[in-house]
S.K.: 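I have a structure I would like to understand better, so I am pasting it below and will then ask my questions one at a time.
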Amino acid sequence: MADSFTPLDRDGMAARAARDIPEGWVVNLGIGIPTEVGNFIPDDREVILHSENGVIGAGPAPAPGQVNPYLVNAGTQPITLRIGAGYVHHADSFAIARGGHLDLTVLGAFEVSETGDLANWARAAHEPVKQIGGAMDLAIGAKRLWVIMEHTTKDGAPRLRRRCSYPLTAKGAVKRVYTNLAVLDVTPGGFVVRDIIPGLSFEGLQARTEARLSRE
Amino acid sequence: MADSFTPLDRDGMAARAARDIPEGWVVNLGIGIPTEVGNFIPDDREVILHSENGVIGAGPAPAPGQVNPYLVNAGTQPITLRIGAGYVHHADSFAIARGGHLDLTVLGAFEVSETGDLANWARAAHEPVKQIGGAMDLAIGAKRLWVIMEHTTKDGAPRLRRRCSYPLTAKGAVKRVYTNLAVLDVTPGGFVVRDIIPGLSFEGLQARTEARLSRE
Amino acid sequence: MIDKFVRSAAEALDGVPDGATVLLAGFGDVGMPMALLEGLIEQGAKDLVLVCNSGGRDGSPVARLLTLGRVRKLVCTFIRAASDAGRLLLAGKLEVEVIPQGTLAERLRAAGAGIPAFYTPTAADTVLAEGREVRDIGGRRCLLEYPLPGDVALIDAWQADRWGNLTYRDTQRNFNPVMAMAAPLTVVQTRHVVELGAIPPEQVITSGIFVNRVLHVPG
Amino acid sequence: MIDKFVRSAAEALDGVPDGATVLLAGFGDVGMPMALLEGLIEQGAKDLVLVCNSGGRDGSPVARLLTLGRVRKLVCTFIRAASDAGRLLLAGKLEVEVIPQGTLAERLRAAGAGIPAFYTPTAADTVLAEGREVRDIGGRRCLLEYPLPGDVALIDAWQADRWGNLTYRDTQRNFNPVMAMAAPLTVVQTRHVVELGAIPPEQVITSGIFVNRVLHVPG
């Protein structure tokens, strides 16, 4: 009996994660889908977005024609500021990340292991062209690390793994994963499914996952 | 043949040291006579005084009735600011000291050795009541460390020593000593006398000094 | 709506447990949150570890906290024999650890910045290095130092908004921004309350993300 | 009278020697001192070590400095294969060291703050730790990291006075205050020149004591 379901699109994944972010949290949103999470936090819910380049209190993208060329986020995209925002320099900004002052960091990933290992910066351990950025600092420092990613690769290969096949960004750091198919917590017993999209069975989700899944 | 001379008083020592501080230097003046050096730097010579509690550009003491209770120096005495001054927090202030950004630090001392060791914080190595303050950080960090002190103790015991008898603040750090009798540089060959007060002979100075002195 | 203002010193100090490590900002009386310190005396927590630049002048709230026997250990940069703190120490009634001021500031900074240890040349050639780990780095003796985190930080500010963004006046700044980052519970007393947004973003010195409670103490 | 203003980019970059380590602030184009970078290209120094957050977008002055073969080694936090920097690297014409952004910022800070080494958990569990000193601190693997000082720092400011006191606008700040402290020769380009004293002391972000030369580059 085949499952009949529609995977979440990027907006759907971002919106699903945004639902779980309470007022008052200090949050760093990584580049890609994580950045879009910001678009789904209602204006009246005061969540303070941190950006590695020294913004505490980032706001949404500016209206066309309203771009301030001095104000960008960690992806160097133009942003606005929330009322109440402040700036720090790069070392202080990473003191925030490394020092445990972020309630939450949301990053993209290639793979997450059942022990919470994160791989999101390189396809091979020793390729010369590296894109590290701030991910390693963010991953080790946050009180909670969530990942947003497609449940499988375009070719259908699973990204929720027993062990990561790609080089690690950080070990045992991921607490929760939002995919286009499900929400899963990383627990001492491995991945626990918190939520599955309508029409997809637990067995159907397991079939698309390398790691062993548990029900809540 | 006895020498006939008048040792410098505190103001005289402070003024003598002030003469040697050129415009543009960033200078930390320690507690005691060193603080008074600031009184002898002419207003039109722009010397930037740093204070450990986060002042860059300290000015002289305020006129009576003009005290700002939020503005003190490292000795918690009321001060004023020079135009062009700025504030930093304590960690940044000691980043300035430790990081080599002070052209000069001037400290008081109990003793200085011929190798530039400084002893200025304790009379005995393991006495429980300690007054360390910022001296150890200042001593190891400055581009130049000068000391201002009486040439001998009240009992006539020499303070320019072969080795310090008191616990060290820093090793090999002192570059120059201003006493009430002379100005001496610390060189790889020991103390070299640069200046003696009128009426005191080189031999007379040597007689009041434990370390071996050289002439320039 | 985020609103960190509390209505009383009692509310500000609520829950500080016995045995807590308290980071107390200030240099002399400047930048020291006196109302919070009075509140801590009222609140009753004991067996405290107090981290503060000095043991305080006699008769000051710091000295009072010490003489009331509420502090097990004082970490500071200097202490005078002829002071309340000095007399308690010499009478064997107070444990005291005296460390260099720059090392104190940097250990607090390390606690806030997530630096698990660092080396410094400060004090490496002194008796303070006895029995400790020393390493030659680039031809220079250096001491290994560890972070000094608090359980609670008591902070004195000039302006605060409801997010807890802070400014300081003149040398009131001193240890405040560093200590504000170095404890999971950061309690502020502020001279002035301002609207959110009244502090221009370039002029926020301590971000509200480091602040948990703010008490308005005018004048 | 202290006056750090210079009249031209040539004067600003005078004396930067071949082989120098150049700290170049900026995050993307924001906060990057473009006129000084053009000046460095004109000035001719080669065999440089360039420390900069990234290899720069194609066609940018950074990429131009690289493609002119003036840089021996690039220290950065990311580099794309499909970029001038990436192509030079893959062609074996550029040495590249890629390090985590927080570690870059902290190594620069350590250089400015006189911290001879520090530990960080960042990257300790990754291939970047291979062959390097790792230490368990409080149950956590940590990597030993050393300062990253420059010979010259190129800084982009919003306002400057004749002492070299600086402010920054919005995220222009980024690496600028950290790099300004990490080199013995700090050269600034500023959008605005202000009178000494025009920047309130509480609002000075980079003190003039870290600055050697300032070039006015309006608009």
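Keep in mind it's a predicted model, so treat the numbers as computed, not measured. Protein chains get the first letters and strands the later ones, always in sequence-line order, with residue 1 at the start of each.
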S.K.: If you define the side chain from C-beta out and look only at heavy atoms, does anything of B:R98 sit under 4.5 Å from C:E106?
M.R.: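 Side chain of B:R98 against side chain of C:E106, heavy atoms only: contact under 4.5 Å found.
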S.K.: For a quick check under 3.5 Å, do C:R173 and B:N53 share a side-chain donor-acceptor pair by atom type?
M.R.: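 C:R173 vs B:N53: no donor-acceptor pair found between side chains.
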S.K.: Where does C:R109 contact chain B at under 4.5 Å (heavy atoms): side chain, backbone, both or neither?
M.R.: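 When you check distances to chain B, only side chain atoms of C:R109 fall under 4.5 Å.
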S.K.: Output the option from C:P100, C:G28, C:S54, C:A85 having the highest count of non-hydrogen pairs under 4.5 Å with chain B.
M.R.: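 Between C:P100, C:G28, C:S54, C:A85, the count favours C:P100.
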S.K.: In terms of heavy-atom pairs under 4.5 Å with chain C, which of B:D117, B:L81, B:D92, B:N68 leads?
M.R.: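 Heavy-atom pair counts peak at B:N68.
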S.K.: Do C:L90 and B:P128 have side-chain heavy atoms sitting under 4.5 Å apart?
M.R.: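 Yes - at least one pair of side-chain heavy atoms lies under 4.5 Å apart.
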S.K.: Flag the pair C:Y168 / B:H89 as yes when their ring centroid distance falls below 6.0 Å, and as no otherwise.
M.R.: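 No; B:H89 has its ring centre 6.0 Å or more from that of C:Y168.
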S.K.: At a 4.5 Å cut-off on heavy atoms, which part of C:R87 comes close to chain B: side chain, backbone, both, or neither?
M.R.: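 Neither part; nothing is under 4.5 Å.
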S.K.: Considering only heavy atoms and a distance below 4.5 Å, find which of C:V96, C:V30, C:L104 pairs most often with chain B.
M.R.: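 Looking at each option in turn, the highest pair count goes to C:V30.
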S.K.: Can you see which heavy atom on B:D137 is nearest to which on C:G102, and at what distance?
M.R.: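 Smallest interatomic distance, heavy atoms only, reads OD2-N, 2.8 Å.
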S.K.: Evaluate the side-chain proximity of C:V127 to B:W121: yes if any heavy-atom separation is below 4.5 Å, no if none is.
M.R.: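 Answer yes - side chains close enough.
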S.K.: I need the minimum non-hydrogen distance between C:T171 and B:V55, along with the two atoms involved.
M.R.: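 The answer is CG2-CG2, 3.2 Å.
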S.K.: Other residues, nucleotides and ligands only: do more than 12 of their heavy atoms fall within 6.0 Å of CZ on C:R162?
M.R.: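 Correct, the count exceeds 12.
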S.K.: Step through the shown structure and confirm whether more than 12 heavy atoms of other residues, nucleotides or ligands are within 6.0 Å of CD on C:E195.
M.R.: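 Open.
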S.K.: Do you know which of B:S93, B:A91, B:A85, B:A95 has the most heavy-atom pairs under 4.5 Å to chain C?
M.R.: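 Of the options given, most contacts go to B:A91.
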S.K.: Taking atom CG of C:L68 as the centre, does the number of heavy atoms from other residues, nucleotides or ligands within less than 6.0 Å exceed 12?
M.R.: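 More than 12 within 6.0 Å, yes.
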S.K.: Measure across C:R140 and B:I140 and return the closest heavy-atom pair with its distance rounded to 0.1 Å.
M.R.: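 Heavy atoms of C:R140 and B:I140 come nearest at NH2-O, 2.6 Å.
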S.K.: Given that the side chain runs from C-beta out, which part of C:T120 has a heavy atom under 4.5 Å from chain B: side chain, backbone, both or neither?
M.R.: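 Answer is side chain: those atoms of C:T120 sit under 4.5 Å from chain B.
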S.K.: Return the CD to OG1 distance between B:E52 and C:T77, rounded to the nearest 0.5 Å.
M.R.: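 If I round to the nearest 0.5 Å, the distance is 9.5 Å.
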S.K.: Do C:Q101 and B:H90 pass the side chain to side chain contact (heavy atoms under 4.5 Å, CB included) test, and can you show the C-alpha distance, the side-chain angles, and the key distance before you say yes or no?
M.R.: CA-CA 9 Å; C:Q101 202 171 123; B:H90 239 90; 2.8 Å; yes
S.K.: Can you tell which of B:V88, B:I132, B:T76 has the highest number of heavy-atom pairs within less than 4.5 Å of chain C?
M.R.: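 Most pairs with chain C among the choices: B:I132.
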S.K.: Quick one: sort the B:Y70 and C:W158 rings into parallel, tilted or perpendicular, breaks at 30° and 60°.
M.R.: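 Ring orientation of B:Y70 relative to C:W158: perpendicular.
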S.K.: I need the residue from B:G134, B:G54, B:A119 with the largest number of non-hydrogen atom pairs under 4.5 Å to chain C.
M.R.: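 Sorted descending by pairs with chain C, the first entry is B:G134.
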S.K.: For B:Q131 versus C:I79, what's the shortest heavy-atom pair and its separation?
M.R.: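 Heavy atoms only, the tightest pair is CG-O, 3.2 Å.
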S.K.: Does NZ belonging to C:K93 count more than 12 external heavy atoms closer than 6.0 Å?
M.R.: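 No, because the 6.0 Å sphere around NZ of C:K93 holds 12 heavy atoms or fewer from other groups.
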S.K.: Looking at B:R212, I'd like to know if its CZ atom is crowded, meaning that more than 12 non-hydrogen atoms belonging to other residues, nucleotides or ligands lie closer than 6.0 Å.
M.R.: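 For B:R212, atom CZ is not crowded (no more than 12 foreign heavy atoms under 6.0 Å).
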S.K.: How about NZ on C:K4, more than 12 heavy atoms from neighbouring residues, nucleotides or ligands closer than 6.0 Å, or not?
M.R.: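 Yes, because the 6.0 Å sphere around NZ of C:K4 holds more than 12 heavy atoms from other groups.
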S.K.: Take atom CZ in C:R132; do more than 12 heavy atoms of anything else shown fall under 6.0 Å from it?
M.R.: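 Atom CZ in C:R132 is packed in, count exceeds 12.
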S.K.: Please check if the number of heavy atoms outside C:D136 that lie under 6.0 Å from its CG is greater than 12.
M.R.: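 More than 12 within 6.0 Å, yes.
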S.K.: Find out whether B:K130 and C:L128 are in side-chain contact, i.e. whether some heavy atom of one side chain is under 4.5 Å from a heavy atom of the other.
M.R.: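 They are in side-chain contact.
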S.K.: Is it the side chain or the backbone of B:S51 that comes within 4.5 Å of chain C heavy atoms, both, or neither?
M.R.: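 Neither part, no heavy atoms under 4.5 Å.
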S.K.: Which bit of B:N73 is near chain C, if near means a heavy-atom gap under 4.5 Å: side chain, backbone, both or neither?
M.R.: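 Answer is backbone: N, CA, C or O of B:N73 sit under 4.5 Å from chain C.
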